[in-house]
Amino acid sequence: MVASMWRISGAVNRAFGRAGYPLLLSLRRGQASVSYAQSLLGAPETQLTTLSNGLRIASEETNQATCTVGLWIGCGSRYESEKNNGAGFFLEHMAFKGTKKHPQSALEKAVESMGAHLSAYTSREHTAYYMKTLAKDLPKAVELLAEVVQSSSLSEADIEQQRNVVLRELEEVQGSLQDVCLDLLHATAFQGTPLGHSVLGPSANARTLTRNDLVEYISSHYKAPRMVLATAGGVNHDELVALAKQHFSGISFEYEGDAVPVLSPCRFTGSEIRMRDDALPLAHIAIAVEGAGAANPDIVPLMVANSIIGSYDITFGGGKHLSSRLARLAAELNLCHSFQAFHSSYNDTGLLGIYFVTDKHKIEDMMHWAQNAWMNLCTTVTESDVARAKNALKASLVGQLNGTTPVCDDIGRQILNYGRRIPLAEWDARIEGVTPRIVRDVCSKYIYDKCPAVSAVGHRSHQIQSVSKSEGHCSHPDPVCIQPRWWIST
């Protein structure tokens, strides 16, 4: 594939980046002297229009020479069954293999001739196809995106070729132990539900998915009301609406037999899964409780709580002067090589957790202090903790929104999640409204006396000792083992 056509499919992005953090603000070059409050008030408006077939067009117009335009679709591995799990990811590969009008070589040439970048990603609830290009080439970019989504060739020869590519990628992802650990966490936390599916799907499905499976997936989920055409950069909203009417008006809004897919609730199960590998020198562990859904108002206090816990890497130079208490303990007591607090939010649920990498002899200590950090959120969080966390959260969210592509992605996901793009001032007000009492109350609701899900990858001696009050020991001899957990946080 030519250099101008690339893809994003990392599981870290799926577990964290696509989970739903709202992105706030870009302090663009030349605006360093503008205050934070002035920047909020001067942020460009996101305009939203809906076509007659239900497709939504959203844009943020700035005076830039480039733009990013893409189609965000409300479908992903959560909408797949055991039989076709991985179909969305397979289609992501097929997007660049040509359309009925443009064979692969012609599609590549068309993209390269504009100096553009065509990309795609699939997550558990969203799929996106987008292109970054010069603003003057917006009409051609929209035309190509419409072809990729509506008229992909899906030839049998290309499917067989990409089957081997997908299988190789499945092998490669096994080398990313963080990806493996977080996928296992979803598998055990949401076992028996679609959210337990991995985005890539099992290798057995990659070997057996047919053209009919892919066509059926498109016809079932690629519907206009579940799509958002989003744009950021040097674009004109009226021009974008006209282009959408020209290229996307034909997308159906009807379902066969009126069988509109409805997301079934995905229950959370407190449980543990271990993947034994005696060759690994370190243990990779994730622990999580059920979190809030994307539209739940509790999400902002939980984001502040996660900011209080923060993150740590052994290469950090702060040592005992780090702002996060858990990070200071990790440095002083040599608890781990790294840790990261996370909150993966989905339509109606989420995972609030901590992922860490540690030596086999430090697992119990790190697990103790991680849970202790959670309990502090429920009981002893202070005004200074919250003030620092809110500032850190704002800085983190500001830093993520740098360029037209992250802005466009933020627009697409927020329209799918909330039906609108929440104004920057509203996000700021929500963060500012969080108090220590709110953090304690919300964290008690989600953490205190709750049963967590735990995933662990490593040597057999890395197995986590149960700290529950009930006997939940598992003597299962298999390399991969799932067991229930009984957990009382006191």
Is a side-chain donor or acceptor of [X] paired with a backbone partner of [Y] at a separation under 3.5 angstrom?
X    : Y    : result
S307 : A389 : yes
N205 : P202 : no
R78  : R124 : no
R163 : A206 : yes
E92  : T122 : yes
T358 : I363 : no
T188 : L184 : no
N84  : S81  : yes
S176 : V173 : no
Q340 : G310 : no

Donor-acceptor pair between [X] and [Y] side chains, under 3.5 angstrom:
X    : Y    : answer
Y355 : H284 : yes
Q64  : T404 : no
D409 : Y130 : no
T382 : D385 : yes
S271 : T269 : no
H126 : R413 : no
R440 : N376 : no

Requested in this report: Please check if the distance between the ring centroids of W72 and Y129 is under 6.0 Å.
Outcome: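 No.
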Would you say that [X] contacts [Y] through its side chain, given a criterion of any heavy-atom pair below 4.5 Å between the two side chains?
X    : Y    : answer
I159 : M94  : yes
K394 : D428 : yes
Y446 : L302 : yes

Report summary line: In terms of heavy-atom contacts, S203 and L170 come closest through CA-CD1, 3.7 Å
Report task. Write down the atom of K445, the atom of K450, and the distance for their closest heavy-atom approach. Result -> O-CE, 3.1 Å
Requested in this report: Would you please classify the geometry between the F190 ring and the H186 ring as parallel, tilted or perpendicular, with 30° and 60° separating the classes?
Outcome: tilted
Query raised in the report: How many angstroms lie between atom SG of C266 and atom CG of L195, to the nearest 0.5 angstrom?
Result: 4.0 Å
**Report entry** Point-to-point distance, once rounded to the nearest 0.5 Å, from CG of D183 to CG of L200
**Finding:**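 Spacing of CG (D183) from CG (L200) equals 7.5 Å.
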Report summary line: Sorted by chain and number, sequence neighbours left out, salt bridge (Lys or Arg N to Asp or Glu O under 4.0 Å) with R207 holds for none
**Report entry** Residues in salt bridge (Lys or Arg N to Asp or Glu O under 4.0 Å) contact with D365, at least two apart in sequence or another chain
**Finding:**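 D365 satisfies salt bridge (Lys or Arg N to Asp or Glu O under 4.0 Å) with no other residue.
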Query raised in the report: Between I299, V442, L393, T435, which is the residue that forms a side-chain contact (heavy atoms from CB on, under 4.5 Å) with V304?
Result: L393
Query raised in the report: In chain order, what residues pass the side chain to side chain donor-acceptor pair (under 3.5 Å) check against Y79, with sequence neighbours excluded?
Result: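 None.
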